[in-house]
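Every chain is numbered from 1, with letters handed out A, B, ... down the list of sequences. Everything numeric here is computed off the predicted structure, so don't read it as measured data.
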Amino acid sequence: MKIASWNVNSLKVRLPHLTQWLADAQPDVVALQETKLEDAKFPVDELAAAGYRAVFSGQKTYNGVAILARDEPRDIVTDIPGLDDPQRRILAASVGGLRVVNLYVVNGKAVGDPKYAYKLDWLARVRDFLADELARHPRLVVLGDFNICPDDRDVYDATAWGEDILCSPPERAGLKAITDLGLHDSFRLFEAEGGHYSWWDYRQAAFRRNMGLRIDLILIGEALKSIARAATIDREPRRWERPSDHTPVMLELDLGTSP
DNA sequence: ATGGTGGGCTTCCCA
């Protein structure tokens, strides 16, 4: 089974890229972020024609998350219990014998900004939600745009970036509180070197110069660690005309033949 | 220190 995450930065603009990539990569489950679409405008029919069921939690202009799958996703959750948040950033579903939680983590703008405080609080609440999810569903996958570089290997120039937004110690502590639940950064099960990124700024020819960050992650519960086969970043869609600033990340799990 | 680019119910906000 192939499970993927992609921040598409407007599904309206990127739908042709998405359908092309689905045909090329043949993923079984895909988590999308920044769809920027109201639910009524989600391209259900186009994705069904591509062979995927879809569930989604969107809003106009900003945010928006979706899960695509070959099989119908079930037991949908669109909100963190107890958190009244109009921003559509989380979507959980059961699919293909897995529990999948798709996150579009708050960017935070800058250390000290009000959005940064919202980010740290949101992360703490997600951590508590994930603790409950993991207790109920050992076969848990938590993936999405985390808007946090796990460590300096995930930053093109860690010295210059320093402790700015996406790399500040409190953000990294917020991520560590999540991985400390027993969720592994699947990419690091296969690759120890730096220089592998999932996002490149649109400015300054950042992609051509590989000035990127690895902020799109697929975390897996301990129960899935032994069946992880490969974790990859597909840079190809970032080369296409009018790309998203993020590129898809993918994990292959060996779930065997029994359901 | 600044600003560069891109998406969006656009002349600013968000990333």
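The distance from atom CG of A:Asp216 to atom C1' of B:dA15 is 13 Å, rounded to the nearest whole Å. Atom CG in A:Asp245 sits about 12 Å away from atom P in B:dA15, given to the nearest Å. A:Asp201 places its CG atom 9 Å from the C1' atom of B:dG6, with the value rounded to the nearest Å. Taking atom CZ on A:Arg203 and atom P on B:dT5, their separation rounds to 9 Å, with Å as the unit. Here the P atom of nucleotide B:dC13 and the NZ atom of A:Lys36 are 15 Å apart, to the nearest Å. Taking atom CD1 of residue A:Ile148 and atom C1' of nucleotide B:dA15, one finds them 15 Å apart after rounding to whole Å. When the C1' atom of B:dC14 is taken as reference, atom CG of A:Asp145 falls 13 Å away, rounded to whole Å. The nearest whole Å value for the distance from the NE2 atom in A:His246 to the C1' atom in B:dG6 is 12 Å.
For A:Arg89, counting side-chain heavy atoms from C-beta on, the closest listed nucleotide (B:dG6, B:dA15, B:dC13) is B:dA15. In the set B:dT5, B:dC14, B:dG4, B:dG4 carries the atom at the smallest distance from any side-chain atom of A:Gln204. Closest approach to the A:Glu34 side chain among B:dG6, B:dG8, B:dA15 is made by B:dA15 (side chain taken as heavy atoms from C-beta onward).
Across B:dC12 and B:dA1, the matching P atoms stand 27 Å from one another, rounded to whole Å. Straight-line distance between the C1' atoms of B:dT11 and B:dG7: roughly 15 Å, to the nearest whole Å. B:dT10 and B:dC14 have their P atoms separated by 14 Å, given to the nearest Å. Taking the P atom of each, B:dC9 and B:dT5 are spaced 22 Å apart, rounded to whole Å.
The side chain of A:Lys115 contributes an N or O atom lying less than 4.0 Å from OP1 or OP2 of B:dC14. For A:Arg242 and B:dT5, the shortest distance from a side-chain N or O to OP1 or OP2 is not below 4.0 Å.
Among A:Val249, A:Val95, A:Val30, A:Val141, the one residue that satisfies the side-chain contact (heavy atoms from CB on, under 4.5 Å) test with A:Ile3 is A:Val141.
Electrostatic pairing of A:Arg89 and A:Asp79 does not count as a salt bridge here, judged by no charged N lying under 4.0 Å from a carboxylate O. Salt bridge status for A:Lys119 with A:Glu171: present, with a side-chain N to carboxylate O gap under 4.0 Å. Ion pair A:Glu72/A:Arg53 flagged as a salt bridge, since at least one NZ, NE, NH1 or NH2 atom sits closer than 4.0 Å to an Asp/Glu carboxylate oxygen.
A cation-pi geometry, defined here as NZ or CZ lying under 6.0 Å from the six-membered ring centre and within 45° of its normal, does not hold between A:Arg88 and A:Tyr104.
At the heavy-atom level, A:Phe207 lies nowhere under 4.0 Å from the strands shown.
Of the two residues contacting DNA chain B, namely A:Trp199 and A:Lys12, the nearest-nucleotide position lying further toward the 5' end is that of A:Lys12.
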